[in-house]
Amino acid sequence: MTIRLQEFQRRRRELMEQMEPNSIAILAAAPERTRNRDVEHPYRQDSDFWYLSGFPEAEAVMVLLPGREHGEYVLFCRERDRAREIWNGYRAGPEGAVADYGADDAFPINDIDDILPGLVEGRERVYYDLGRDAAFDSRLMGWINTIRERVRTGAQPPGEFVALSHLLHDMRLFKSKAETELMRQAAQISAGAHVRAMQAVRPGMYEYQLEAEYLHEFMRHGARSPAYPSIVGGGANGCILHYIENSAPLKDGDLVLVDAGCELHNYASDITRTFPINGKFSGEQRALYELVLASQYAAIEATHTDNHWNVPHETVVRILTEGLVDLGLLAGNPDDLIEEQSYQRFFMHRTGHWLGLDVHDVGDYRIGGEWRQLEPGMTLTVEPGLYIAPDDDTVEERWRGIGIRIEDDVLVTKEGCDVLTRDVPKAIDDIEALMREARA
């Protein structure tokens with residue numbers, strides 16, 4: 001399933017209805033990025049640009065002009081070029097931008113200096129996010145200054161810049177039915193990859209070999225890339241929150257923490273599972289894992305429309321702190337420890353983030369200084385963890401070097417919430433049974 005042309009049209013219409021009269025919105029496509037010398041990174045469109053257009057090419061600029069008689073959606077893009085297309089692939093060209101992507105008007109990107117100032121002139125305000133792309137900021141200000149230079153001849157430059165993201169990112173926060181289904185598919189693919197990895201892992205493998213199991217599963221189901229660099233941390237490497245070297249051998253008796261999710265048609269999934277390399281949790285690993293899992297179950301239960309954004313996190317903090325006291329890893333009254341944030345020695349990140357076109361998706365977490373109320377259509381992660389540093393000599397040696405995180409993707413619904421990533425096991429008995437069967 002992909003997003004249909006009609007949905008992109010609806011999004012543009014909804015945005016323009018929120019814009020002030022006599023205004024213009026301008027968005028630039030993501031630039032191509034050089035990896036090394038003359039090799040470029042695989043191209044991925046800017047999420048805001050794609051959300052409104054579905055247009056996948058670089059060197060493009062979209063313009064929205066509410067009320068324009070000759071069409072409100074104008075797209076500048078590369079022209080068809082047979083020689084370049086032989087080397088680098090098909091281009092839509094201005095004709096394809098109209099026929100296949102719903103633009104009302106489309107022009108060659110090389111003509112933008114001549115055409116865009118005329119579209120801006122006479123508009124009172126420009127919706128544009130300054131500061132995201134310094135090179136395009138400079139070009140845009142050049143076009144504005146071109147209009148200002150002609151004020152004595154009657155030209156009317158815009159008098160105000162407004163952040164486009166203020167409107168657009170709130171739209172992106174609420175997922176449509178089509179978006180939800182794409183994210184569900186991405187979650188199912190990623191869940192299958194985690195199951196595959198649990199079945200494949202063996203002591204002596206390297207972290208990157210386990211990572212390859214994920215990439216294989218992603219691609220064979222149509223997801224061409226991970227949504228972010230996969231984290232495969234064996235043993236103490238699981239205590240490094242954004243560990244992506246993935247170069248160490250996996251040792252018998254250690255856990256491996258894997259944070260990996262695919263991107264499907266630009267929509268992200270994000271799953272973390274922690275499992276024993278030899279298929280069996282030790283006593284200390286089991287104790288910490290069960291504590292994290294209990295906090296995650298409770299946080300998911302708290303993810304519903306009667307609660308605000310921070311309630312799941314507060315739930316996790318309470319359960320983890322009380323559990324750490326019970327295990328002797330923290331000493332004191334849990335209320336005092338929470339107030340002092342003593343738990344941050346072992347749980348130093350938030351419990352989740354918005355999820356969508358970006359793995360850390362857009363959308364405000366607070367409104368007017370208050371935590372945002374959860375509403376249907378919001379999609380977020382729930383990911384508590386515990387990380388006992390390998391050099392933490394304030395705890396007994398048996399606990400050191402254990403890193404655990406459990407993460408699922410959760411859609412807020414009218415009835416409560418829907419765990420999109422439920423297909424990958426996380427209960428200890430289920431994980432051990434799966435791994436045991438794979439070794440039989």
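Note that the structure is a prediction, hence the values are computed from the model and not measured.
- Panel note: side chain D81, backbone R84; a donor-acceptor pair is recorded below 3.5 Å.
- Using a 4.5 Å heavy-atom threshold, the side chains of R125 and P158 count as separate.
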Between H349 and F347, does the ring pair (Phe, Tyr, Trp, His ring centres under 6.0 Å) criterion hold? Intermediate values first, please.
CA-CA 6 Å; H349 58 78; F347 176 51; 4.9 Å; yes
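- The side-chain heavy atoms of L64 and I24, taken from C-beta on, include no pair separated by under 4.5 Å.
- Atom OG of residue S295 and atom CD of residue E383 lie 11.5 Å apart, to the nearest 0.5 angstrom.
- Between the side chains of D418 and T413, no donor-acceptor pair of N or O atoms lies under 3.5 Å.
- Side-chain contact, S165 with D129: a donor N or O sits under 3.5 Å from an acceptor N or O.
- With respect to the salt-bridge test (charged N to carboxylate O, under 4.0 angstrom), the residues R91 and E79 do not qualify.
- Rounded to the nearest 0.5 angstrom, T321 OG1 and Q341 CD are separated by 10.0 Å.
- A donor atom on one side chain and an acceptor atom on the other are not found under 3.5 Å apart for H360 and Y228.
- Interatomic distance, N246 CG to L210 CG, rounded to the nearest 0.5 Å: 9.0 Å.
- Counted by atom type alone, E207 and Y243 present one or more donor-acceptor pairs between their side chains at under 3.5 Å.
- The shortest side-chain heavy-atom distance between P276 and I431 falls under the 4.5 Å cut-off.
- To the nearest 0.5 Å, atom OH of residue Y343 and atom CG of residue L330 are 11.5 Å apart.
- Put simply, the side chain of I271 reaches to within 4.5 Å of the side chain of T421, judged on heavy atoms.
- Between R273 and D408 a salt bridge is recorded (basic side-chain N to carboxylate O distance below 4.0 Å).
- Using a 4.0 Å cut-off between charged side-chain N and carboxylate O, R196 and E213 make a salt bridge.
- The shortest side-chain heavy-atom distance between M183 and T379 falls under the 4.5 Å cut-off.
- For the pair T274/V256, no side-chain contact is recorded, criterion being any heavy-atom separation below 4.5 Å from C-beta on.
- In this structure, the side-chain hydrogen bond (donor to acceptor under 3.5 Å, both in side chains) partners of R372, at least two apart in sequence or on a different chain, are D170.
- I26 is not listed as a side-chain neighbour of L119, based on a closest heavy-atom distance of 4.5 Å or more.
- By the 4.0 Å N-to-carboxylate-O rule, E121 lies close enough to R150 to be salt-bridged with it.
- Contacts classified as side-chain hydrogen bond (donor to acceptor under 3.5 Å, both in side chains) and involving residues 61-76 (residues at least two apart or in different chains) are given here: R68-D105.
- Side-chain N/O atoms of Q185 and H221 include no donor and acceptor closer than 3.5 Å.
- Scanning for ring-ring contact (aromatic ring centres under 6.0 Å, His included) contacts around Y51 gives an empty result, with sequence neighbours left out.
- Nearest heavy-atom pair, V61 versus F136, reported as atom, atom and distance to 0.1 Å: CG2-CE1, 3.6 Å.
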Under the side chain to side chain donor-acceptor pair (under 3.5 Å) criterion, do R345 and Y387 qualify, and how do the steps go?
CA-CA 8 Å; R345 282 177 54 201; Y387 315 90; over 6 Å; no
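- Enclosure of atom CD in E339 is not indicated, since only 12 or fewer non-hydrogen atoms of other residues, nucleotides or ligands lie within 6.0 angstrom.
- Applying the ring-ring contact (aromatic ring centres under 6.0 Å, His included) rule to Y365 yields the partners W309, W354; only residues at least two apart in sequence or on another chain are considered.
- A salt bridge (charged side-chain N to carboxylate O under 4.0 Å, His left out) check over residues 40-58, counting only residues at least two apart or in different chains, returns the pairs R44-E263, D46-R132, D48-R132, D48-R172, E57-R78.
- A donor and an acceptor atom, one from each side chain of H304 and N307, are located under 3.5 Å apart.
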With salt bridge (Lys or Arg N to Asp or Glu O under 4.0 Å) as the test, would you mind laying out the steps for R318 and D335 before giving the verdict?
CA-CA 8 Å; R318 167 65 59 180; D335 291 336; 2.8 Å; yes
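- Classified by interplanar angle (parallel below 30°, tilted 30° to 60°, perpendicular above 60°), the ring pair W50/F8 is perpendicular.
- A donor-acceptor pair is defined here as one N or O able to donate and one able to accept, closer than 3.5 Å; no such pair exists between the side chain of S190 and the backbone of A187.
- Heavy-atom contacts from other residues, nucleotides or ligands closer than 6.0 Å to OH of Y297 number more than 12.
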Assess the residue pair N266 and Q45 against the criterion (side chain to side chain donor-acceptor pair (under 3.5 Å)); give the C-alpha distance rounded to whole Å, side-chain angles, the decisive distance to 0.1 Å, and a yes or no.
CA-CA 8 Å; N266 287 18; Q45 186 58 276; over 6 Å; no
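- The pair R366-E370 does not meet the salt-bridge criterion, since no charged nitrogen lies less than 4.0 angstrom from a carboxylate oxygen.
- Residue pairs meeting the ring-ring contact (aromatic ring centres under 6.0 Å, His included) criterion with at least one partner in residues 91-110, sequence neighbours excluded, are F55-Y101, F76-F107.
- Distance alone, capped at 3.5 Å, is enough to place a donor-acceptor pair between the Y289 side chain and the K426 backbone.
- Electrostatic pairing of R11 and E14 does not count as a salt bridge here, judged by no charged N lying under 4.0 Å from a carboxylate O.
- When only modelled atom types and interatomic distance are considered, H169 and D361 share no side-chain donor-acceptor pair under 3.5 Å.
- Looking at every heavy atom in both residues, P312 comes nearest to H308 through CD-O, 3.7 Å.
- We find that D423 and R184 are not joined by a salt bridge, their nearest charged nitrogen and carboxylate oxygen being 4.0 Å or further apart.
- Looking only at side-chain heavy atoms (C-beta outward), E179 and E7 come within less than 4.5 Å of each other.
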